[in-house]
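This structure is a prediction, so every number in the text was calculated from the model and none was measured. Counting convention: from 1, in listed order, for ligands and their atoms alike.
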Amino acid sequence: MASVLVASNRGPVSYALGDDGSLDTRRGGGGLVSGLSAVSSQDSLWVCAALGEGDREAVRRGAGEPGVRMLDIDPEVYADAYNGIANSVLWFLHHHLYDIPREPVFDAGFRRRWESYRDYNRAFAEALAAEADESAAVLVQDYHLALVPGQLRALRPDLRISHFTHTPWASPEYLRMLPQDVREELLWGMLGADELGFHTWGWASSFIDCASVDGADGTARGVRRSDDPWHGVEHRRRGGPKRHTRVRAYPLGVDGEELRALAHRPEVDEKLARLRAETGGRKTIVRVDRTELSKNILRGLHAYRELLTVHPEWHDRVVHLASAYPSRQDLESYRAYTEAVTELADEINAEFGTTTWQPVLVSVKDDFPRSLAAYRLADVALVNPVRDGMNLVAKEIPVVSESGCVLVLSTGAGAHEELKDDALTVNPFDVTETAEALHKALSMPPTERTDRTKRLAAAATALPPQRWFLDQLEALREG
Ligand code: G6P
């Protein structure tokens, strides 16, 4: 039994099954891992899904780590919930990614996948209900598990439950595309929580705008109080008592010391030496993303092409290091996007490259040491998502950069709320503006660049993961 429980789709460990039947354990990083490390491991439990065959085998063999419970959910139910709903519907709604003339289509297939999503959430709710001590704090993560708070509240009314959304939250017009009963089920799921957290006040505010229900199951309305910091939603399920769900922003930052230490390991030094040789002392524009539709990698490349067209003085003096490692390749739109990124980079290289200068270097490997080396080398960081919950790359690069780096940051990134004063802001759709920002960034005098980087690094480390986690835990316990 545990007094602090975390639930997320992707857990802190994963297992790979070797040809000889051996299980290789891999540990993940990220804000949650270091956040939860602030709590004694004897009292805490992390509930996550088995993602692949290695994980499922580890569950069958009972080979899991202490403090982690992996749920071996039926693979078809899991695929429908993860690919079919979480990544193809909820992700697209929250990031405003639909190609509206064609999508979304909410048909019988969608209804079947939605049932799987409900079942997958229920598996989490049941595991949490079984493992939680009396009045334990349960911190549920992300859009994969939006129904868990409501399901868990019904099973265990004694628990303190929070939900944190790591993505943006959809605008009301976007969320209203969902069939009404599904939209209401989603909201009732979230409103099962005592506390809802978002990376920015902007996304928190979108949730409050969306949380208006007057239906068969009850009523809910968003509340903003000008005279008090309480913002949230008042609601009443039919036949139940009136309840409140508080809505707050916790802008996750980075742990500066830990990140700098990671960035100075010998393997990163080696990668840095290699990158220096590849870029030949030229200036660098660095970006690091999953190949993710919302990251806007294509318009970033178009902007770089426009920079080289309009400002030929940069020919042979700059290299764009674009790390775009594969993600969600089960989805056709992601496979097509990954291909389009490589094709466009090839076109730019064919158009401007010479025998001694390759203008764009794309790396499609998920290679964190190489990314850290690129961070150290960066003269300019390009972070231009169309819509993004936070974007930690925007915070990591200024912390690690060696001689100061100019951040070109779009208004779509959650990080823009905190970093806008010292970044060069761009509209993510405006390729010409982005090209000009790249030019300005490459031309910025060293002192201005250093001063801005210092202030960016200070803002980026304001709420490191442990504090971010403990603040939420304290707020949840205090009620
Ligand atoms: C986003 C989500 C995370 C997710 C990550 C990677 O940051 O907020 O919950 O884990 O993307 O996506 P994946 O589908 O590979 O877990």
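Heavy atoms of Phe164 found under 4.0 angstrom from ligand 1: none, in either backbone or side chain.
No donor-acceptor pair under 3.5 Å is formed between the side chain of Arg246 and the backbone N or O of Trp230. Asp366 contributes no side-chain N or O that, together with a main-chain N or O of Tyr325, makes up a donor-acceptor pair within less than 3.5 Å.
Distances from ligand 1 to the non-hydrogen atoms of Arg290 include at least one value under 4.0 Å. At least one heavy atom of Trp91 sits closer than 4.0 Å to an atom of ligand 1.
Taking only nitrogen or oxygen atoms, main chain and side chain alike, Asn9 does not reach within less than 3.5 Å of ligand 1. Of the polar atoms of Arg10, at least one N or O is found under 3.5 Å from an N or O of ligand 1, judged by distance alone. The shortest N/O to N/O separation between His144 and ligand 1 does not fall below 3.5 Å. Checked against a 3.5 angstrom limit, the closest N/O atoms of Tyr82 and ligand 1 fall inside it.
The protein atom (non-hydrogen) at minimum distance from atom 2 (C) of ligand 1 is Asp142 OD2, 3.4 Å. Here the heavy atom of the protein found nearest to atom 5 (C) of ligand 1 is Arg328 NH2, 3.9 Å.
The distance from ligand 1 to the heavy atoms of His166 drops below 4.0 Å at these ligand atoms: 8 (O).
The two residues Arg335 and Gln329 come nearest to each other via the heavy atoms NH1-O, 2.8 Å.
Using bins of under 30°, 30° to 60° and over 60° for the plane-to-plane angle, the ring pair Tyr117/Tyr120 lands in the tilted bin. Note on ring orientation: taking the six-membered ring where Trp is involved, the planes of Tyr304 and His320 are tilted (angle from 30° to 60°).
Tyr337 and Glu292 share no donor-acceptor pair across their side chains, judged by distance under 3.5 Å alone.
Here the rule is ring pair (Phe, Tyr, Trp, His ring centres under 6.0 Å) with Phe207, and of Phe164, Trp169, Trp201 only Trp169 fits it.
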